[in-house]
Amino acid sequence: MSPARAGFAAFTRAAAEALAATESLERRIILGGASIRIRCAGPALPDLLLAALDHARDDDPSGEADVTFDVFDTRTSGVHPPRFPWTPRDVGARGEIAGGDGDVRALFHGDLLAPEHDFRAVSVFSRRRAHGALWVLSPDRVPWWERAAPLRTLLHWSLADPPRRLLVHAAAVGGASRGALLIGAGGSGKSTTAVACVEAGMRAAGDDYVLLDAVASVAHPLYGTAKLAPRSLALVPGVATAVRHDGGCDAEKLVVDLAGRWPARMARPVSVDALVIPRIVQRGRTRLVRGSGADALRALAPTTIFQLPGDNRALLGVLAELARRLPAYVLELGGPPSEAVAELDRLLDAQAAA
Amino acid sequence: MTTLHIDPERVVHETIDGETLLIHLASGTYFSLRESGAEIWELLVCEGSVERAAAALAERQPTQAAQVVAEVRRLAQELVDHDLLVSGPGPAVPAAPSRSAAKRPAVFAPPVLEKYTDMQYFLMLDPIHEVDDAAGWPTPAPATGPPTTV
């Protein structure tokens, strides 16, 4: 049995034991048309891991779910994970376990350079069984970034189906009919711009990760939250009331519950008609200038592939086709976010009129 | 004959607007190859040899053949140094429509290779380490080293 398959067998067995040993909560959500059943063992993890998915809640599900995730932690359930069925040589870059294939995947999340504070967790998934599990050592080890974008690895493995559907590291904002992906690495101004757009009445499908349907050219929302650096809050003061303080906030980033505050603005997929690369400039007004497809691919592909690895060649091919097909722009952020909103609004109006 | 090939498990690439984006999966780095670089990359990957790639490009740029050959050699070495190409013969690469030829200027422009390291953070979360024999992975082995004296 390959290391990844051994991990899948061991952790799904432990998850079943934890679900039986605790009072479990079952939640159904719909993302990009897929019905997902999430079973959480014990009371601690739902608050941490399901809040960002609340916008997709399906309280009246009909029929079987397309996929099931089981989530448990050792501290709450008392169920210890199996002795790790891997040796160091089984664990590759980014924690991916060797022996993963088109069916089974396994990944260790953690940073052993910081063993006292890292996110000690494992994700396993089988596509054929449509079943995944997430084990967490303890609820207090779930970091802010996992609370803001929970279950990302399992969602990536279960929902991505290139060349049609893939998770991408991007924000998506839209007007009445047209929309754009905001692309770039962390710190480029993507989240602040996306949050400002939502505050101003535009629609969005996320500030950091979206489910892209590359054939239909639409971005489906994954998470109802956005992550903002505390200093950015002064730039978008209208969202202060949407900052979550229920364990979703810490010193590094604020988690903003956009879907809770403006549910209609994150309720539908956003059309993807342009690729916009925010770039912070030191001075001058905010303005949109035409960029190249190469600029767009450089801003979108490495950050997506390094964060959401899969069939990397296919993934890069899909992103390159997108960059060839859609116009690219650089959004030079020199002024307040309201200027960025106005520039994007003008761009999307022009796209709709074309 | 200096043969070269690409290791698809380590490097993925796409050419767009006359620029080739190369992503080195194992190191978390990525590269932009511009000017004549995209065309040279295409030739190196398809021809599988530095000499054949240089000859093919020199034929396309006959008035600057000597410079072309020198630049192909220089870039090929740089690509090997960055582990973007591997020395030695590899499997045949099927001919594909060129994405770089349409961008070729009349005057040969030396290739430009730019390296980006801003994504390496994601690979620094690397859990590989010596394992504790009793507890198993991922528990690190107890630190060993020379005893400290006060």
Side-chain angles (χ1 to χ4, degrees), chain A residues 3 81-97 107-115 118-120 122 137 169 185-187 291-309 311-324 328, chain B residues 6-35 37-38 93 96-97 99-100 102-103 112 114-143:
Chain A
R83 183 187 159 121
F84 282 81
W86 307 307
T87 65
R89 74 167 54 180
D90 296 327
V91 187
R94 294 163 293 202
E96 182 114 25
I97 307 302
L107 185 115
F108 170 72
H109 312 261
D111 179 1
L112 289 170
L113 298 175
D118 69 310
F119 177 33
R120 205 51 82 79
V122 168
L137 180 62
H169 181 219
S292 70
D295 292 333
L297 189 62
R298 228 184 299 113
L300 178 60
T303 187
T304 294
I305 286 174
F306 286 124
Q307 290 190 66
L308 301 161
D311 181 348
N312 299 310
R313 195 173 167 191
L315 190 51
L316 182 59
V318 175
L319 298 179
E321 282 308 313
L322 198 71
R324 289 186 187 104
Chain B
I6 187 168
D7 178 354
E9 296 298 313
R10 297 170 75 79
V11 177
V12 292
H13 60 100
E14 276 286 344
T15 298
I16 178 171
D17 293 341
E19 175 179 333
T20 298
L21 175 69
L22 300 149
I23 301 180
H24 192 275
L25 301 166
S27 67
T29 53
Y30 59 104
F31 298 79
S32 158
L33 198 43
R34 297 190 297 275
E35 303 297 349
V93 176
R99 292 201 181 272
S100 64
K103 297 282 178 182
V112 175
E114 195 170 353
K115 180 178 182 179
Y116 299 85
T117 58
D118 57 315
M119 297 287 147
Q120 282 189 303
Y121 167 79
F122 294 111
L123 272 74
M124 288 171 67
L125 306 180
D126 188 345
I128 299 170
H129 58 92
E130 291 304 314
V131 68
D132 180 277
D133 287 339
W137 194 88
T139 308

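Throughout, a chain's letter reflects where its sequence line sits, starting with A, and its residues are numbered from 1. This one's a predicted model, so the numbers in the text were calculated from it and none came from an experiment.
- Nearest heavy-atom pair across B:L25 and A:F306 is O-CE2, 3.9 Å.
- Checked for salt-bridge contact, A:R298 and B:E114 miss the test: no charged N lies under 4.0 Å from a carboxylate O.
- No more than 12 heavy atoms of other residues, nucleotides or ligands lie within 6.0 Å of CZ in A:R313, so this atom counts as exposed by the packing criterion.
- Contact detail for B:D17 and A:G293: the closest heavy-atom pair is OD2-N, 2.6 Å.
- Remark: B:E9 CD to A:N312 CG distance equals 9.0 Å, nearest 0.5 Å.
- At a 4.5 Å heavy-atom cutoff, the contact between A:L316 and chain B is made by backbone and side-chain atoms alike.
- For the atom pair CD (B:E14) and CZ (A:R324), the distance works out to 5.0 Å, reported to the nearest 0.5 Å.
- Between chain B and the residues A:A185, A:A301, A:A323, A:A294, the most heavy-atom pairs under 4.5 angstrom are made by A:A294.
- Taking both residues in full, the closest heavy atoms of B:I16 and A:L297 are given as CG2-CD2, 3.8 Å, listed atom of the first, atom of the second, then distance.
- The part of A:E321 that comes within reach of chain B is its side chain, from C-beta onward, which places non-hydrogen atoms under 4.5 angstrom from that chain.
- Summarising the geometry, atom CG belonging to B:L21 is positioned 11.0 Å from atom CG belonging to A:D295; distances are rounded to the nearest 0.5 Å.
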